[in-house]
Amino acid sequence: MDEKISTADRRAAAICAAVRAIKRGSFLSYGEVARRAGLPGRARLVGKVLREAGDARPKLPWHRVTAAGGRIAFPAGSASARRQLRLLAREGIETRGNRAVVKRRSAGARSLDALLWKL
DNA sequence: CGGGTGACAACGT
DNA sequence: AACGTTGCCACCC
């Protein structure tokens, strides 16, 4: 049975591999996972793959994948969001509201919009 | 073939 | 920090 391996399946496999490669205690954004899987620009595909993998691959560390800037992709307060936050916290990742705290490089980069808002 | 949709990202206001 | 827009790509009607 020479199963034709569709590109979709090949991509899904690459994405799962990239997710499995995320070390315990750290996390990556969808875009970054896509890039590491050799699929730059396919962040949305990562989301789709993880959603479907949820039913079939309970071992996959899906909780280590966040939206840009550590934001949790699920609606704040939803069961899924709380589940993900709990799993991250359990690995020692600091969480704040509906996000995983990203290591800051410096404190001065946000002046721009902070101004607009604040005043 | 055209339009809607989504566990996204980047940018502007 | 919070929305709205646009770009993006794979899928499904």
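Chain A is the first sequence line, chain B the second, and so forth, proteins listed ahead of strands; every chain is numbered from 1.
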**Request:** Look at all strands and tell whether A8(A) reaches a base, only sugar-phosphate, or nothing, counting heavy atoms closer than 4.0 Å.
**Result:** sugar-phosphate
**Asked** Is any side-chain heavy atom of V65(A) less than 4.5 Å from a side-chain heavy atom of L50(A)?
**Response** yes
**Asked** Looking at side-chain heavy atoms only, is the closest gap between T95(A) and V101(A) below 4.5 Å?
**Response** no
**Asked** Rounded to the nearest Å, what distance is computed from the CZ atom of residue R35(A) to the C1' atom of nucleotide dC8(B)?
**Response** 16 Å
Under 3.5 Å, sequence neighbours excluded: what are the donor-acceptor pairs made by side chains of residues 36-44 of chain A?
unit_1: R36(A); atom_1: NE; unit_2: E32(A); atom_2: OE2; d: 3.3
unit_1: R42(A); atom_1: NH1; unit_2: P40(A); atom_2: O; d: 2.9

**Complete:** When every non-hydrogen atom of S29(A) is compared with those of A67(A), the smallest separation belongs to CB-O, 4.0 Å
**Message:** Do F27(A) and V102(A) have side chains that approach each other closer than 4.5 Å (heavy atoms only, starting at C-beta)?
**Reply:** yes
**Complete:** In whole angstroms, the gap separating C1' of dC9(C) from CG of L50(A) amounts to 16 Å
**Request:** Taking salt bridge (Lys or Arg N to Asp or Glu O under 4.0 Å) as the test, write out the residues that go with R64(A), two or more places apart.
**Result:** E91(A)
Nucleotides 4-8 of chain C: which of its N/O atoms have a protein N/O under 3.5 Å away?
none

**Asked** Quick one: on DNA chain B, does K48(A) or A67(A) contact a more 5' nucleotide (nearest heavy atom)?
**Response** K48(A)
**Fill in**
Rounded to whole Å, the CG-P distance (L45(A) to dC12(C)) equals 12 Å
**Request:** Write out all pairs satisfying salt bridge (Lys or Arg N to Asp or Glu O under 4.0 Å) with one or both partners inside residues 81-90 of chain A, taking only residues at least two apart or from two chains.
**Result:** none
Under 3.5 Å, sequence neighbours excluded: what are the donor-acceptor pairs made by side chains of residues 18-25 of chain A?
none

**Request:** Using the P atom on both, measure dA7(B) against dC13(C) and round to a whole Å.
**Result:** 15 Å
**Prompt:** Can you tell me how far P of dC9(C) sits from CZ of R51(A), to the nearest Å?
**Reply:** 20 Å
**Request:** Report the distance from atom CG of N98(A) to atom P of dA7(B), rounded to the nearest whole Å.
**Result:** 14 Å
**Prompt:** Under the criterion side chain to side chain contact (heavy atoms under 4.5 Å, CB included), which of T66(A), V33(A), V46(A) is the partner of L28(A)?
**Reply:** V33(A)
**Request:** Specify the closest pair of heavy atoms between L85(A) and R99(A), including all atoms of both residues, with the distance to one decimal.
**Result:** CD2-O, 4.0 Å
**Request:** Tell me which residues in residues 19-32 of chain A put a heavy atom below 4.0 Å from DNA chain B, sorted by number, or none.
**Result:** S29(A), Y30(A), G31(A)
**Atom P, compared across dC8(C) and dG12(B): separation rounded to whole Å** = 15 Å
**Members of residues 84-93 of chain A that approach DNA chain B, where some heavy atom sits under 4.0 Å away** = none
**Prompt:** Rounded to whole angstroms, how far apart are CZ on R11(A) and C1' on dC8(B)?
**Reply:** 16 Å
**Separation of atom CZ in R82(A) from atom P in dA7(B), rounded to whole Å** = 18 Å
**Prompt:** Residues in side chain to side chain contact (heavy atoms under 4.5 Å, CB included) with A81(A), at least two apart?
**Reply:** I72(A), F74(A), S78(A), N98(A)
